[in-house]
Amino acid sequence: MLPRFWRKIKYRYDLVGTRCENCGNYYYPPRNLCPVCRRKSEIKEVKLSGKGEVVSYTVVHDAPEDLKAQKPYIIALIKLEEGPLITAQLVCEPDEVKIGMKVRKAFRKYGEESEAGIIYYGTKFVPDE
Ligand SMILES: [Zn+2]
């Protein structure tokens, strides 16, 4: 079941998660309940920094037929500095990406191209040098 947070438009471009005030854990996507504290959960919404590092990645070569001109792109599993993991597109050259590379959320908006469901709400990441 989708937490109610996901239905709100404002979360499409901001990286908003939740933090449990009781134990200090951060969650992204946002959760209504802390799985550690359960009934003692004290959930607050927080805007995440958008900084993190690459844990793993995949270079995707096979674009759909109508996007053949598009270059290969990178889908990365990123560990945010607050702790949660997020899967998102990483915008850089495939030969630049490395495990442990510092990245940050890109501030540009990307319209509706996240319809495929792989890329959460259009959030993309870029190298943070
Ligand atoms: Zn907790």
Side-chain angles (χ1 to χ4, degrees):
M1 194 183 74
L2 279 177
R4 64 189 165 85
F5 300 106
W6 286 82
R7 295 188 220 123
K8 295 184 188 171
I9 291 291
K10 69 170 173 162
Y11 297 107
R12 290 174 75 90
Y13 300 114
D14 273 343
L15 212 52
V16 173
T18 51
R19 179 175 186 269
C20 173
E21 301 280 306
N22 195 44
C23 66
N25 284 339
Y26 286 88
Y27 299 102
Y28 187 88
R31 304 184 68 134
N32 293 318
L33 191 72
C34 172
V36 178
C37 306
R38 296 174 181 276
R39 276 187 300 170
K40 288 183 179 168
S41 301
E42 290 180 49
I43 300 297
K44 289 252 164 64
E45 290 179 21
V46 287
K47 187 169 175 183
L48 301 170
S49 68
K51 292 187 178 226
E53 63 176 57
V54 175
V55 174
S56 70
Y57 63 90
T58 307
V59 178
V60 182
H61 292 278
D62 49 334
E65 200 59 42
D66 56 341
L67 290 175
K68 280 286 188 220
Q70 190 178 317
K71 290 190 294 181
Y73 62 95
I74 302 158
I75 297 295
L77 180 65
I78 294 159
K79 184 173 169 61
L80 299 173
E81 62 182 11
E82 291 91 351
L85 294 166
I86 179 173
T87 303
Q89 185 172 344
L90 177 62
V91 183
C92 74
E93 293 301 321
D95 58 0
E96 280 182 74
V97 60
K98 292 192 285 284
I99 302 294
M101 186 168 93
K102 303 283 186 213
V103 295
R104 63 179 164 79
K105 190 184 81 156
F107 290 102
R108 285 172 289 168
K109 292 184 180 180
Y110 290 92
E112 300 304 314
E113 69 184 88
S114 60
E115 296 267 317
I118 301 167
I119 303 152
Y120 292 152
Y121 292 110
T123 303
K124 293 190 184 187
F125 284 77
V126 294
D128 187 20
E129 310 285 3

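The first residue of the sequence shown is numbered 1, and numbering continues consecutively from there.
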Item to check | Considering all heavy atoms, the nearest P72-V59 contact | outcome: CB-CG1, 3.9 Å
Item to check | Y26 with V36, same ILVMFWY side-chain cluster at under 4.5 Å | outcome: no
Checklist entry - Is there side-chain contact between V55 and I78, with at least one heavy-atom pair below 4.5 Å? => result no
Checklist entry - Salt bridge between D128 and R104, side-chain N to carboxylate O under 4.0 Å? => result yes
Checklist entry - Does the side chain of V46 come within less than 4.5 Å of T18's, by heavy atoms? => result no
Checklist entry - If every non-hydrogen atom of Y73 is compared with every non-hydrogen atom of Q89, which pair is closest and at what distance? => result CB-NE2, 3.6 Å
Checklist outcome for this item: Heavy atoms of V16 and P30 approach each other most closely as O-CG, 3.4 Å
Next on the checklist: What I want to find out is whether E53 reaches K102 closely enough, with some N-O distance under 4.0 Å, to be called a salt bridge.
Outcome noted: yes
Item to check | Pairing of K44 and E42 as salt bridge, 4.0 angstrom limit | outcome: no
Checklist outcome for this item: Closest non-hydrogen contact found for P84 with E82 is CD-C, 3.3 Å
Item to check | In one Ile/Leu/Val/Met/Phe/Trp/Tyr side-chain cluster, 4.5 Å: L80, Y27 | outcome: no
Item to check | Non-hydrogen side-chain atoms of I43 and N32 separated by less than 4.5 Å | outcome: no
Next on the checklist: If you define the side chain from C-beta out and look only at heavy atoms, does anything of F125 sit under 4.5 Å from I86?
Outcome noted: yes
Next on the checklist: Show the nearest heavy-atom pair for residues A76 and L90, with the distance to one decimal.
Outcome noted: CB-CB, 4.1 Å
Please table the atom pairs, donor to acceptor, closer than 3.5 Å between any side-chain atom in residues 91-101 and protein atoms at least two apart or in another chain.
residue : atom : partner : partner atom : Å
E93     : OE2  : K71     : NZ           : 3.3
E96     : OE2  : E93     : N            : 3.1

Next on the checklist: I need the T87 OG1 to L77 CG distance, nearest 0.5 Å.
Outcome noted: 5.0 Å
Item to check | Between CD on residue E21 and SG on residue C34, distance to nearest 0.5 Å | outcome: 11.0 Å
Next on the checklist: Which heavy atom of R38 sits nearest to which heavy atom of L33, and what is that distance?
Outcome noted: O-CD1, 3.4 Å
